[in-house]
Each structure stands twice: as C-alpha cells, then as structure tokens.
Amino acid sequence: MPEVEIIRRILEPQIAGKKIETIEILNNQIIAHPDMETFTEILTGQTITNMSRKGKFLTIHFKSGDNLALHLRMTGRLLVMPKDTPVEKHTHLLIYLEGGNQLRYIDVRRFGRFWYLKKDETDDLTGQDKLGLEPLDEKLTSRYLKEKLGKKKKSIKGMLHDQSIIAGIGNIYSDEILYAAGIYPETKCTDMDDEEWDRLAKKIPEIIAWGIDTNEMKPEEYLEGKGKEYRNIPHLRVYGRAAQLCLVCQAVIEKISLGGRSSCYCPECQRKKL
C-alpha cells in the first residue's frame, strides 16, 4: 500500500484537470470492464478531477462522475511521460492527455486490470467493496483485530494479508510490522495474548506511515526510476535480509515459507511461543 499511495501522490498533480484526447490499448487483456471498444469510447474526452486510493486500488475520477479503477498487481507501473518518449516493451495502455503528456501502463506479467465504472454503476466488479479497514484508520484497534482474527487458527502473518480485514498490507510490510511488534510470523491468531494484539495494533499504522514517508520522492525521481525504484528498500529492517544480522540484537535473520510466501524474522526479537 505505501508504494501505491506514493504513486497516487506523484501522479495526481500531473493528471488532475487534464482532458483525455484519445487512448491506445496495446493489450486488451488488461481491460476487465467493459469491453475494449466501449472502454475506448467512453474514456475518450473525459476530464480528470482527482485520483484516490483504497487498499492497493487506485481510482481516477472524472468530471462526469465516472471513475476508472485499476489494480497494478505485482509488476504494474503507471507513469506520466512526454508523448515522444519511446514506448518500452510491455506497455499495454497509453492515455493521451491534453498538453502533450501520456499516462502509460506498463506490466511485465500483465496481471494488472482496469475497470471503467459509470457514475451510477454499482461497483461489484473490482473487489473494493470487500476491503477491510485502511492501516491508518483510527478504527483499527487491538479490539478490532482480536474480534476479527482472535478465533482464527491460521498464522498471524497470513491473516495480515487478508484484505477483507486490513486493506493494503503485503508481504514486505507484514514482515516489517511483525518484526516491530516482536511477534513470530507463524504464531496462530488463537495463541496471541492481549499484549500482542495491542502491540500489533500500534505497529501497523506506525510501519505503514514509515513506509509512505521513506518512499517520498519527486516526480522527476519517480520517472527516472521508471516507477521501479523505491527509497525505503535499503532501510527495511527484516524483509529480504535473511542470513544478515538483526539491527537490534545481532542475531542472524532467518527465513521460512508461509502460504507459499517467504517470511523473514529475527529468532531473538520474535521468539516462538513454547
């Protein structure tokens, strides 16, 4: 979620107030709704007002009241660049904006999707209606977490990825949150005590806010890195640091697999329960 929020903050000032002159779809697989011809027809001529984020979803809002929702998935990138910039491989959508710039969608794995929703159209397509609380929502308390997860026999690491409970936490930040909270990632939710729920509720917004702050960059920096460079990567405390020393206790960071995903943790700071 922090990376998606940074994209919103960078792109919104560049596209707000701009009229869409035309669009070019190079891969119709990314258009989830409606069909490609209708998508092209109704998007052309729309004027962008602003851009919002919910969980890992981005939504471009139009003066007409219509909306363009999108999800970048794992490898999707969204960039504003001059129209004479060479089109790189794996570019699937070009949106021509008045003034000479283009909004381009690039995705190596092609998992990202776009949904165009009319003003009065109910959104039962994107999945945003099923999302849980935002990590920075004041309602995300230890009581909320315990009520939603306390009876689950699954690992707390896996449940942090449940978007219906908390929207926007992925593998990187679940590792960082659990490390900061001193909780072993494989701990079953049913085995967590009140103190652990309190620490978790405190560290979720703290780490997500840190992720946003450390990723802040200028539009020029974002464009230069082609949307792939994020500033906080060198500052992550546990994710991707297997076999390196813990920054707190100097123990060797270990890695396990949970639900098909890697999970890095410190065996001293995040001790298993006996």
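Model, not experiment: these values are computed from the prediction.
- Under a cut-off of 6.0 angstrom, the local environment of NZ in Lys154 is sparse, with at most 12 non-hydrogen atoms contributed by other residues, nucleotides or ligands.
- His33 and Leu117 get closest at one heavy-atom pair: CD2-CD2, 4.2 Å.
- For the pair Glu176 (side chain) and Leu236 (backbone), a donor-acceptor distance under 3.5 Å is absent.
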Open item on the list: Would Glu254 and Tyr265 count as a side chain to side chain donor-acceptor pair (under 3.5 Å) here? Give the steps.
Closed with: CA-CA 6 Å; Glu254 297 183 3; Tyr265 71 99; 2.8 Å; yes

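- With respect to Lys19 and Glu98, no salt bridge is recorded, no charged nitrogen being found less than 4.0 Å from a carboxylate O.
- Checked by atom type and distance alone, the side chain of Gln270 pairs as donor or acceptor with a backbone atom of Ile183 at under 3.5 Å.
- Side-chain contact between Phe62 and Thr47: absent, with no pair of heavy atoms (C-beta onward) separated by less than 4.5 Å.
- Using modelled atom types, one finds a donor on one side chain and an acceptor on the other under 3.5 Å when comparing Asn171 with Lys157.
- Residues passing the ring pair (Phe, Tyr, Trp, His ring centres under 6.0 Å) test with Tyr96: none are found, sequence neighbours excluded.
- Judged as a side-chain hydrogen bond (donor to acceptor under 3.5 Å, both in side chains), and not counting sequence neighbours, the contacts of Tyr184 are Glu186.
- Looking at residues two or more places apart in sequence or on another chain, you find a salt bridge (charged side-chain N to carboxylate O under 4.0 Å, His left out) between Arg143 and Glu147.
- In terms of modelled atom types and a separation under 3.5 Å, the side chain of Asn28 and the main chain of Ile31 share no donor-acceptor contact.
- Between the side chain of Gln163 and the backbone N or O of Gly168, at least one donor-acceptor pair lies under 3.5 Å.
- The CG atom of Leu94 sits 9.0 Å away from the CG atom of Leu103 when rounded to the nearest 0.5 Å.
- Here the CG-SG distance, from Leu178 to Cys264, works out to 12.0 Å after rounding to the nearest 0.5 Å.
- Listed by first then second residue, pairs satisfying salt bridge (charged side-chain N to carboxylate O under 4.0 Å, His left out) with a partner in residues 62-82 read Asp66-Lys118, Arg77-Glu88, not counting sequence neighbours.
- Looking only at distances, a side-chain donor or acceptor of Ser174 sits under 3.5 Å from a matching main-chain atom of Gly170.
- Within a 6.0 Å radius of CD in Gln250, other residues, nucleotides and ligands contribute more than 12 heavy atoms.
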Open item on the list: I'd like to know whether Glu5 forms a salt bridge (Lys or Arg N to Asp or Glu O under 4.0 Å) with Arg8, so could you lay out the CA-CA distance, the side-chain angles of the two residues, the decisive distance to 0.1 Å, and finally the verdict.
Closed with: CA-CA 5 Å; Glu5 174 61 18; Arg8 185 198 69 77; 2.9 Å; yes

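- No donor-acceptor pair under 3.5 Å is formed between the side chain of Thr91 and the backbone N or O of Val87.
- Between the side chains of Thr122 and Asp124, not a single donor N or O lies within less than 3.5 Å of an accepting N or O.
- Lys146 and Asp194 are joined by a salt bridge, as a carboxylate oxygen and a charged side-chain nitrogen come within less than 4.0 angstrom of each other.
- In the model, Asp107 has no side-chain atom that pairs as donor or acceptor with a side-chain atom of His92 under 3.5 Å.
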Open item on the list: Let's go through Ser257 and Ser263 carefully: what are the C-alpha distance in whole Å and the side-chain angles of both, what is the deciding distance for side chain to side chain contact (heavy atoms under 4.5 Å, CB included) to 0.1 Å, and is it a yes or a no?
Closed with: CA-CA 6 Å; Ser257 180; Ser263 183; over 6 Å; no

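- A salt bridge links Glu206 with Lys203: the distance from a Lys NZ or Arg NE/NH1/NH2 to an Asp or Glu carboxylate oxygen falls below 4.0 Å.
- For the atom pair CD1 of Ile95 and OG1 of Thr22, the computed distance is 10.0 Å after rounding to the nearest 0.5 Å.
- Note that the OG1 atom of Thr85 and the CD atom of Gln102 stand 7.5 Å from one another [nearest 0.5 Å].
- For Arg104, the salt bridge (charged side-chain N to carboxylate O under 4.0 Å, His left out) test picks out no residue, with sequence neighbours left out.
- Under the 3.5 Å distance criterion, the side-chain polar atoms of Asp193 are matched with a main-chain donor or acceptor of Glu195.
- The shortest distance between side-chain heavy atoms of Ile207 and Arg237 falls below 4.5 Å.
- Under the ring pair (Phe, Tyr, Trp, His ring centres under 6.0 Å) criterion, His71 pairs with Phe57, not counting sequence neighbours.
- Distance CH2/Trp115 to OG1/Thr126: 6.0 Å, rounded to 0.5 Å.
- With sequence neighbours excluded, the residues forming a salt bridge (charged side-chain N to carboxylate O under 4.0 Å, His left out) with Glu268 are Arg271, listed by chain and number.
- Residues satisfying the side-chain hydrogen bond (donor to acceptor under 3.5 Å, both in side chains) criterion with Arg113, sequence neighbours excluded, are absent altogether.
- Taking each heavy atom of Ser164 and Tyr144 in turn, the nearest pair found is O-OH, 4.4 Å.
- Salt-bridge formation is detected for the pair Glu134/Arg53: a Lys NZ or Arg NE/NH1/NH2 atom is positioned less than 4.0 Å from an Asp or Glu carboxylate oxygen.
- In this structure a side-chain-to-backbone donor-acceptor pair under 3.5 Å is missing from Glu12 to Asn50.
- Closest heavy-atom contact between Asp198 and Ser142: OD1-OG, 2.8 Å.
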TODO: Determine, stepwise, if the pair Leu223 / Val80 fulfils side chain to side chain contact (heavy atoms under 4.5 Å, CB included).
DONE: CA-CA 8 Å; Leu223 184 57; Val80 173; over 6 Å; no

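- Salt bridge Glu196/Lys273: present, at least one basic N to carboxylate O contact under 4.0 Å.
- Atom NZ of Lys188 has 12 or fewer heavy atoms from other residues, nucleotides or ligands within 6.0 Å.
- Residue pairs that meet the salt bridge (charged side-chain N to carboxylate O under 4.0 Å, His left out) test with at least one member in residues 26-48, sequence neighbours left out, do not exist here.
- Not a single salt bridge (charged side-chain N to carboxylate O under 4.0 Å, His left out) links Glu21 to another residue, sequence neighbours left out.
- The shortest side-chain heavy-atom distance between Gln244 and Val252 does not fall under the 4.5 Å cut-off.
- Contact detail for Tyr179 and Cys266: the closest heavy-atom pair is CE1-CB, 3.9 Å.
- Judged purely by atom type and a 3.5 angstrom limit, Glu216 has no side-chain atom pairing as donor or acceptor with the backbone of Asp213.
- When only modelled atom types and interatomic distance are considered, Gln14 and Tyr222 share no side-chain donor-acceptor pair under 3.5 Å.
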- [ ] Assess whether side chain to side chain contact (heavy atoms under 4.5 Å, CB included) is satisfied between Gln128 and Thr59, documenting all intermediate values.
- [x] CA-CA 11 Å; Gln128 293 188 72; Thr59 300; 3.8 Å; yes

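- Judged purely by atom type and a 3.5 angstrom limit, Gln46 has no side-chain atom pairing as donor or acceptor with the backbone of Leu43.
- Lys130 pairs by the side chain to side chain contact (heavy atoms under 4.5 Å, CB included) definition with nothing, not counting sequence neighbours.
- Arg261 and His161 share a donor-acceptor pair across their side chains, judged by distance under 3.5 Å alone.
- Residues passing the ring pair (Phe, Tyr, Trp, His ring centres under 6.0 Å) test with Phe114 are Tyr105, sequence neighbours excluded.
- Closest heavy-atom contact between Ile169 and Pro135: CG1-CG, 4.3 Å.
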